[in-house]
Number of protein chains: 2
Amino acid sequence: MSIQGIFPIDKWDFKSESILADLPVADFDRLMARKSEHVYKKGEILFREGGYPAGIYYIVEGKVKKYKTDKNSREQIIYVANTGELLGYHAILSEYRYPDSAATLEESTIAFIPKEDFLACLQQSAILNNRLLKTLSHEFAVLANSVTLFAQNSVRERLALQLIVLREKYKVNFEPGMAVEINMSRDDLASLAGTARENVVRVLSEFKEAGMVETKGRKIFITDIKKLIDLANAR
Amino acid sequence: MSIQGIFPIDKWDFKSESILADLPVADFDRLMARKSEHVYKKGEILFREGGYPAGIYYIVEGKVKKYKTDKNSREQIIYVANTGELLGYHAILSEYRYPDSAATLEESTIAFIPKEDFLACLQQSAILNNRLLKTLSHEFAVLANSVTLFAQNSVRERLALQLIVLREKYKVNFEPGMAVEINMSRDDLASLAGTARENVVRVLSEFKEAGMVETKGRKIFITDIKKLIDLANAR
DNA sequence: TAAAAATATTGATATAAATCACTTTTCGCA
DNA sequence: TGCGAAAAGTGATTTATATCAATATTTTTA
């Protein structure tokens, strides 16, 4: 789902192009022929940065964080993938190792597709080919935005933007005006905003003061998205 | 050219996969059939973020910065493209607008290839297809590294890393132990490192103190790459 | 080659954010 | 249902870097 139209440009359109949508049934079936589906508990690791790729992963249902870990073992979340998204294809297409790690953010059902099946399908399906090119190009735009965000914006702005993006991913059965619950630890939010947990807590309570969010225990509710967007667009 | 082997992992392998290398002659000729070549002066703009793409650009000779401009018109350089690299394909492949702007960093000879020719060639050449998939996947890895760099590293580390990367791009007729001259303004360096010009100047003079670089007027020479790398890897 | 313009440098100060040390709350589960 | 571990929150302090104001240097050009 897109947030186009809310932002001036769709600068923060983090919508996930579904790579497999509209794939001809034959192609889809070939791809999925030897898949193995598995339910992962929250926090389980699918693959690790630097590892050699054996195949790709399809999120049947759930959420996965893609992240990098630096030498101080501080984690940086690059992206939050949602139901319907594909994972791990970068490593296979670049003929190299996984550029990041992936771990479930909640209990998730995930299908594994062997590398050979993915490559075979890729060779035969022009549509899959084009979808990948399109998705990868879109990812470039999204990551370029991230670079600018981290290089030039304050923690406050970074967190605001990440909350806006997360809201899109966490809203289900949404009706206008409804608060969206974001189910993510302060630590993960910190990792997503590129800061320390303490700062997330402080900024979050600022946002609470300003009537943008509410919290109940660990739960975070986005109550006024418009205000958040204004803050993110300000300066 | 790669800096693999210098870094522990090739974390900062910013080498540019040449998309057009090894392309069958027939494909290459078709792609280039209607190209128009033009010499740009330093600082000329090839395309602007948000613009509708009319084609792609091939750097015959020269250097181009890809950058984004935020609401305060502060510039963030995302990438420095070198001789032999292709520009502007993201916009065409994603079927959207240019995600960033491009401007020459020095006098450069650049060929423009109409969108139709690029797409036609893409449709007929499986090799071009695969090269694009590979390059885009590699770009993902590079940008993911950038995100982590900006989110978690100090200005000192950021500048050190950017200098290491620039050194690869600015070295010509290089012999071991030779100093490499980086011909870039303090403002552009600041934009590349995500900081203000003043801070670049200060950090640069620190590096000079430490014997890593030398300056002559505006010119910057990387004299001890090993020390720079140690600094970038430290922490 | 001198004057003007662009670019770079320096120092002082303000501000944001990291870090540390600690307390409190929440929640899974025994 | 209450205990213990994990997660969240708070306050004080330090540190890095942004910002401002002014000067100096380099390059361009007339």
Side-chain angles (χ1 to χ4, degrees), chain A residues 41-43 65 70-76 105-107 148-163 181-209 213-221 231 234-235, chain B residues 41-43 70 72-76 105-107 148-163 181-209 213-221 231 234-235:
Chain A
K41 287 198 290 276
K42 176 178 172 172
K65 62 176 172 184
D70 71 6
K71 24 195 174 336
N72 326 316
S73 76
R74 205 175 132 181
E75 205 176 86
Q76 178 63 42
L105 280 168
E106 55 190 41
E107 186 178 285
T148 306
L149 179 70
F150 285 112
Q152 306 204 333
N153 294 75
S154 67
V155 165
R156 186 172 299 102
E157 294 165 315
R158 268 142 51 191
L159 185 58
L161 266 166
Q162 298 291 9
L163 287 176
E181 180 185 342
I182 291 173
N183 201 340
M184 190 179 260
S185 74
R186 304 295 188 272
D187 275 308
D188 276 343
L189 275 177
S191 163
L192 201 50
T195 185
R197 189 189 65 249
E198 294 94 317
N199 300 319
V200 167
V201 169
R202 280 186 262 264
V203 173
L204 225 39
S205 73
E206 250 182 63
F207 289 174
K208 222 157 64 177
E209 282 293 306
V213 309
E214 272 170 35
T215 58
K216 273 198 199 98
R218 292 176 185 176
K219 292 173 182 164
I220 296 169
F221 298 91
L231 187 151
R235 262 237 269 178
Chain B
K41 288 199 289 278
K42 176 176 172 173
D70 72 5
N72 324 317
S73 74
R74 208 175 128 180
E75 205 176 85
Q76 177 64 41
L105 280 167
E106 57 190 39
E107 186 178 285
T148 307
L149 179 68
F150 285 111
Q152 306 204 331
N153 294 75
S154 68
V155 165
R156 184 171 300 103
E157 295 165 314
R158 268 143 50 194
L159 185 58
L161 266 165
Q162 298 291 11
L163 286 177
E181 179 185 342
I182 291 174
N183 200 339
M184 190 178 259
S185 74
R186 305 295 188 271
D187 274 308
D188 276 344
L189 275 176
S191 163
L192 202 49
T195 185
R197 191 186 59 249
E198 295 95 316
N199 300 319
V200 167
V201 169
R202 279 186 262 262
V203 174
L204 225 39
S205 75
E206 248 183 64
F207 289 174
K208 221 157 65 176
E209 282 292 306
V213 309
E214 271 169 37
T215 59
K216 274 196 199 99
R218 290 177 185 175
K219 292 173 180 164
I220 297 168
F221 297 91
L231 188 153
R235 265 239 270 176

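In what follows, every chain begins at residue 1, and chains take the letters A, B, ... in the order their sequences are listed. Bear in mind that the values here come from a model prediction, so they are computed numbers and not experimental data.
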Inset, instruction - Using only side-chain N and O atoms of S205(B), determine if any of them is under 4.0 Å from OP1 or OP2 of dT9(C). - result: no
Inset, instruction - Please report, rounded to the nearest Å, how far the P atom of dT7(C) is from the CG atom of N199(B). - result: 19 Å
Inset, instruction - Please round to the nearest 0.5 Å and tell me the distance separating atom CD of E181(B) and atom CD1 of I220(B). - result: 9.0 Å
Legend entry - Trace of the side-chain contact (heavy atoms from CB on, under 4.5 Å) decision for Q162(B) with L189(B): CA-CA 8 Å; Q162(B) 298 291 11; L189(B) 275 176; 5.6 Å; no
Inset, instruction - Check each residue of residues 181-192 of chain A for a non-hydrogen atom within less than 4.0 Å of any atom in DNA chain D, then write out the ones that pass by number, or none. - result: S185(A), R186(A), D187(A)
Inset, instruction - Taking salt bridge (Lys or Arg N to Asp or Glu O under 4.0 Å) as the test, write out the residues that go with R158(A), two or more places apart. - result: none
Inset, instruction - Step through the shown structure and confirm whether more than 12 heavy atoms of other residues, nucleotides or ligands are within 6.0 Å of CD on E214(A). - result: no
Inset, instruction - Under the side-chain contact (heavy atoms from CB on, under 4.5 Å) rule, what do R202(A) and E206(A) come out as? Steps first, then yes or no, please. - result: CA-CA 6 Å; R202(A) 280 186 262 264; E206(A) 250 182 63; 5.9 Å; no
Inset, instruction - Select base, sugar-phosphate, or nothing to describe what R156(B) touches, counting heavy atoms under 4.0 Å on all strands. - result: nothing
Inset, instruction - State the NZ-CD distance between K41(A) and E107(A), to the nearest 0.5 angstrom. - result: 9.0 Å
Legend entry - Spacing between R202(A) atom CZ and dT13(D) atom P, to the nearest angstrom: 14 Å
List every contact pair, protein side and nucleotides 28-30 of chain D side both N or O, where the distance is under 3.5 Å.
none

Legend entry - For atom CD of E75(A) and atom C1' of dA7(D), their distance in whole Å: 15 Å
Inset, instruction - Report yes if some heavy atom in the side chain of N199(A) is under 4.5 Å from a heavy atom in the side chain of L159(A); otherwise report no. - result: no
Legend entry - By salt bridge (Lys or Arg N to Asp or Glu O under 4.0 Å) - contacts of R186(B) (at least two apart): none
Inset, instruction - Select one nucleotide: of dT19(D), dG11(D), dA18(D), the one nearest the side-chain heavy atoms of R158(B). - result: dA18(D)
Legend entry - Side chains of L231(A) and R156(A) in contact at under 4.5 Å (non-hydrogen atoms): yes
Inset, instruction - Specify the separation, in whole Å, of atom CZ of R74(A) and atom C1' of dA17(C). - result: 11 Å
Inset, instruction - Return the value, rounded to whole Å, for the distance between atom CD of Q152(B) and atom P of dA16(D). - result: 17 Å
Inset, instruction - Measure from CD on E157(A) to P on dA18(D) and round the result to the nearest Å. - result: 13 Å
Legend entry - Atom of L163(A), atom of I182(A) and distance for their closest heavy-atom approach: O-CD1, 3.8 Å
Inset, instruction - In whole angstrom, give the distance that lies between atom CG of L159(B) and atom C1' of dA16(D). - result: 15 Å
Legend entry - Protein-nucleotide distance (E206(B), atom CD; dT15(D), atom P), rounded to Å: 15 Å
Legend entry - Donor-acceptor under 3.5 Å (E75(B) side chain, L192(B) main chain): no
Legend entry - Check: T148(B) side chain, Q76(A) main-chain N or O, donor-acceptor pair, under 3.5 Å: no
Legend entry - Minimum heavy-atom distance between G194(B) and F150(B), given as atom pair plus value: N-CE2, 3.9 Å
Inset, instruction - For the side chain of V201(B), starting at C-beta, report the closest nucleotide among dA8(C), dT10(D), dT17(D). - result: dA8(C)
Legend entry - Reported CE-to-CD distance for the pair M184(A) and E106(A), which is rounded to 0.5 angstrom: 9.0 Å
Legend entry - Footprint string (nucleotides 21-27 of chain D, 5' to 3'): B base within contact, S backbone only, - free, heavy atoms under 4.0 Å: -----BS
Legend entry - End-to-end axis angle, where each axis spans five pairs of the helix from dT1(C)-dA30(D) to dA30(C)-dT1(D), to 10°: 40°
